[in-house]
Amino acid sequence: MDRSLILGLLIFLTLLAMPFALPLIGQGYLTGLIIKAMLLAIAAISLDLLIGHGGLVSLGHAAFVALGAYAAAIALQSGIENILVLLLITLALTGFVALITGSLALRTTGVYFLMITLAFGQMAYFTLTSLAAYGGDDGLTLWSLATLFGSNVVQKGNGLYFIVLGTLLASWWFVNRMSQSRFGRVLRAARDNPERTEVMGYSVTRYRLVAYVIAAMIAGVSGLLVMQHAEFVSPALAAWQRSGDLIVVVVLGGLATRNGAILGAFFLVIVEELLGSFIHEWRLIYGPLLVFMVLFAKGGLSDLLTSKRRGNQVA
Amino acid sequence: MSTTLLLILCLNGLQYGMLLFLISAGLTLVFGVMGFINLAHGVQYMVGAYLLFAFTGLTGNFMLSVLLSLLCALAFGLLLEFFVFRHLYTRSHLDQVLATFGIIIFLNELAKVVFGPTTLSIALPEFLAGSIQLTEQLKYPIYRLVTIGVGLLVAIGLFITVSYTRIGMLIRAGATTPEMVSALGVNIQRLFMIVFGVGAMLAGFAGVIAAPIYAVEPGMGDNMLIVAFVVIIIGGIGSVGGAFIAALLVGLIDTLGRSLATEILSFVFNPSFANQIGPALASMLIYVLMAAILIFRPRGLLPAKGVA
């Protein structure tokens with residue numbers, strides 16, 4: 001069996017056991033931290049579909065997380081409480097916005113794509129700050145949360161934990177299946193040589209647009225869960241630095257690898273927590289750490305853990 | 001809306017545009033010549049501002065501090081080039097984004113540790129602090145006029161250097177076909193280092209100029225970086241002339257937009273609605289402009305020839 005698949009199964013088994021194991025050693029509060037890492041991982045998995053498999057470096061992906069969170073929060077405020085309905089609303093809105101911005105952004109490539117996604121991200125950010133009825137700059141605190149047909153299992157504690165874990169598993173499985181399918185191969189072919197792929201009869205733009213919309217919708221779902229976990233949404237979710245963080249997670253974990261995004265997300269959250277517990281100014285260490293990782297650990301974390309080298313470079 | 005107000009807004013826009021040009025000039029050259037995405041360019045701007053703060057505190061002499069800050073900004077840029085950036089030129093854009101993102105995080109935090117998280121301000125020397133009577137009703141701060149003048153001088157200097165000198169010729173050639181320039185026996189490594197150093201110094205200079213007008217605080221370079229990217233995309237990557245025009249355009253549109261958007265909107269919509277979306281729309285204007293330019297003129301207004 002593929003080593004990365006074993007690693008993936010190990011990760012999920014560990015995550016499944018955590019809510020039962022952690023209270024035994026008196027560290028139950030850590031589940032909150034794991035939820036945070038899993039939410040980051042869901043968004044990162046979707047971004048890896050774009051960057052790793054599609055070669056499309058987006059610097060505006062956090063906007064879709066924020067859109068998902070806001071769509072759910074606003075629907076919740078207007079009385080829709082069922083989380084499944086909220087999910088549909090989130091998927092519809094992020095998918096629709098991605099369809100429009102994507103078809104415009106995909107007219108460009110490379111650095112220009114990075115810049116135009118940044119522009120759309122900033123537009124989303126400023127749009128959210130202008131929603132005076134929903135908190136504007138300060139964000140919106142939610143007094144009630146989403147329910148599952150009236151039951152509050154999806155709100156707190158282990159219920160929420162398993163919902164997030166399930167979503168992570170689903171997006172991990174879905175993106176992996178997709179990347180191994182014909183669709184994924186065309187996407188990677190278009191990354192490595194768009195002209196040849198076009199000549200072979202595939203519409204490169206159409207494939208990329210589908211990937212862009214799917215990635216946005218998954219990011220939107222993570223946004224919905226971010227709202228449910230934090231009980232608060234704010235425009236800061238869409239700040240460009242958040243998109244930068246997502247890129248860090250994806251690249252640190254290893255591009256277009258099965259578990260890279262999850263490893264990267266946990267690495268980031270653990271480093272933040274660990275360094276933060278030693279010194280308050282943990283960023284003084286984290287910054288240079290990033291530089292060293294780029295200079296010396298090229299293939300990302302998942303390459304260090306699974307010995308098989310994969311040559312996935314994005315120009 | 002009086003003419004006086006409009007004139008003030010235009011002057012403010014010009015002044016902001018000049019500042020943007022100083023930052024963008026280095027960014028566009030580094031990007032165009034080396035194909036290097038330097039997110040850390042924004043913190044060079046912050047470094048300039050903090051250097052000025054430190055030196056005015058030490059020496060008490062404004063002009064001397066400006067000079068010292070410029071030299072230190074140059075040295076700092078060269079150091080970064082030598083230790084980090086040099087090793088990234090041949091790497092993918094993604095690696096460059098990541099490493100320079102790390103440098104941003106580090107320097108922002110360092111500024112917070114050394115100078116504290118609060119906003120600092122720098123007093124202007126007397127001969128720059130006053131205002132000047134432009135028309136009967138209009139008094140305008142001398143310092144802002146000086147900023148516009150200095151920006152113009154730098155623009156002219158850069159234009160002459162890039163268009164008419166040997167080094168400028170090499171820079172333009174390097175932006176088009178670096179392999180060929182290198183094959184002809186030019187030390188491309190040294191050329192890169194010079195371009196990088198000058199770019200860092202110009203960004204630092206922008207920070208020095210901005211320090212007495214705007215707030216000096218950690219992270220002040222982040223937003224400027226994003227706007228500078230907007231400028232070089234609109235102007236065309238690698239083109240100093242394009243950066244100049246785009247910087248003024250962005251400076252004017254942003255400044256006028258922020259002051260007029262609400263008023264213009266209230267002609268069409270009811271006032272409370274206009275008040276609500278006006279500011280957001282104004283902040284968005286330059287990004288809309290950039291997106292539109294990318295869609296209709298993907299290489300920018302004045303693209304440098306041959307830059308991919």
Side-chain angles (χ1 to χ4, degrees), chain A residues 51-52 55 57 59 101 104-105 107-133 136-137 235 239-241 244-245 247-248 250-252 255 280-296 298 313-315, chain B residues 31 35 37 39 83-84 87-88 91-110 112-113 219 222-223 225-227 229-230 232-234 237 272-273 275-296 298-300 308:
Chain A
I51 298 187
V57 185
L59 194 52
T101 58
L104 292 172
R107 297 168 66 116
T108 64
T109 51
V111 171
Y112 297 95
F113 180 79
L114 190 131
M115 288 298 146
I116 200 166
T117 47
L118 170 71
F120 286 129
Q122 293 292 92
M123 288 181 212
Y125 175 80
F126 289 117
T127 306
L128 297 181
T129 59
S130 75
L131 296 175
D137 268 330
W240 73 268
Q241 286 94 338
D245 283 339
I247 294 183
V248 170
V250 172
V251 179
L252 275 189
L255 290 170
H280 183 245
E281 296 81 15
W282 59 277
R283 288 189 183 83
L284 284 182
I285 301 170
Y286 173 60
L289 191 67
L290 280 185
V291 178
F292 280 113
M293 295 281 289
V294 172
L295 290 180
F296 302 112
K298 270 185 90 171
Q313 270 298 319
V314 178
Chain B
F31 208 162
I37 303 190
L39 292 189
F83 282 110
V84 183
H87 311 285
L88 294 169
R91 304 286 282 273
S92 70
H93 279 152
L94 212 48
D95 282 349
Q96 297 168 352
V97 166
L98 201 59
T100 50
F101 194 63
I103 293 174
I104 297 184
I105 293 173
F106 175 71
L107 287 176
N108 276 345
E109 190 71 18
L110 190 68
K112 209 182 282 178
V113 172
D222 291 9
N223 283 325
L225 169 80
I226 297 298
V227 182
F229 267 118
V230 171
I232 73 171
I233 293 289
I234 291 177
I237 291 172
S272 73
F273 182 71
N275 273 330
Q276 208 181 95
I277 65 164
L281 198 67
S283 320
M284 239 185 269
L285 273 180
I286 57 170
Y287 299 103
V288 175
L289 180 69
M290 171 166 94
I293 293 242
L294 275 174
I295 290 162
F296 295 109
R299 294 279 172 263

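Naming: A, B, ... by sequence-line order, numbering from 1 per chain.
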Considering only heavy atoms, which portion of A:T108 lies under 4.5 Å from any heavy atom of chain B: side chain, backbone, both, or neither? side chain
Looking only at non-hydrogen atoms, find the nearest pair between B:M290 and A:M115 and report the distance. CE-O, 3.0 Å
Looking only at heavy atoms and a cut-off of under 4.5 Å, which of A:A105, A:G287, A:A133 has the most pairs with chain B? A:G287
Write down the atom of B:Q96, the atom of B:R91, and the distance for their closest heavy-atom approach. NE2-O, 3.4 Å
Given a strict heavy-atom distance threshold of 4.5 Å, which part of B:I295 is in contact with chain A: side chain, backbone, both, or neither? both
For the residue pair A:V57 and A:F113, establish whether any side-chain heavy-atom pair is separated by less than 4.5 Å. no
What part of A:R107 gets closer than 4.5 Å to chain B, counting heavy atoms only: side chain, backbone, both or neither? side chain
side-chain contact (heavy atoms from CB on, under 4.5 Å) evaluation trace for A:V111 with B:F31: CA-CA 10 Å; A:V111 171; B:F31 208 162; 3.0 Å; yes
So for B:L294, is it side chain, backbone, both, or neither that comes closer than 4.5 Å to the heavy atoms of chain A? both
Heavy-atom pair count under 4.5 Å with chain A, highest-scoring of B:V230, B:L281, B:I105, B:I103: B:I105
Just jot down the side-chain hydrogen bond (donor to acceptor under 3.5 Å, both in side chains) partners of A:Q241, sequence neighbours excluded, or say none. B:D222
State which residues pass ring pair (Phe, Tyr, Trp, His ring centres under 6.0 Å) with A:W240; sequence neighbours excluded, sorted by chain then number. none
Checking heavy atoms, do the side chain of B:V288, its backbone, both or neither come under 4.5 Å from chain A? both
Top of B:A282, B:A291, B:S283 for chain A proximity - count of heavy-atom pairs under 4.5 angstrom: B:S283
Is B:L107 in contact with chain A via its backbone, its side chain, both, or neither, using a 4.5 Å heavy-atom distance? neither
Could you have a look at A:I247, A:L131, A:V248, A:L59 and say which one has the most heavy-atom pairs with chain B under 4.5 angstrom? A:V248
Testing the basics here: between A:Y112 and B:I237, what is the closest heavy-atom pair and its distance to 0.1 Å? OH-CD1, 3.7 Å
Looking only at heavy atoms, which two atoms of A:V294 and B:A99 are closest? And how far apart? CG2-N, 3.8 Å
Contact class of B:L225 relative to chain A, heavy atoms under 4.5 angstrom: side chain
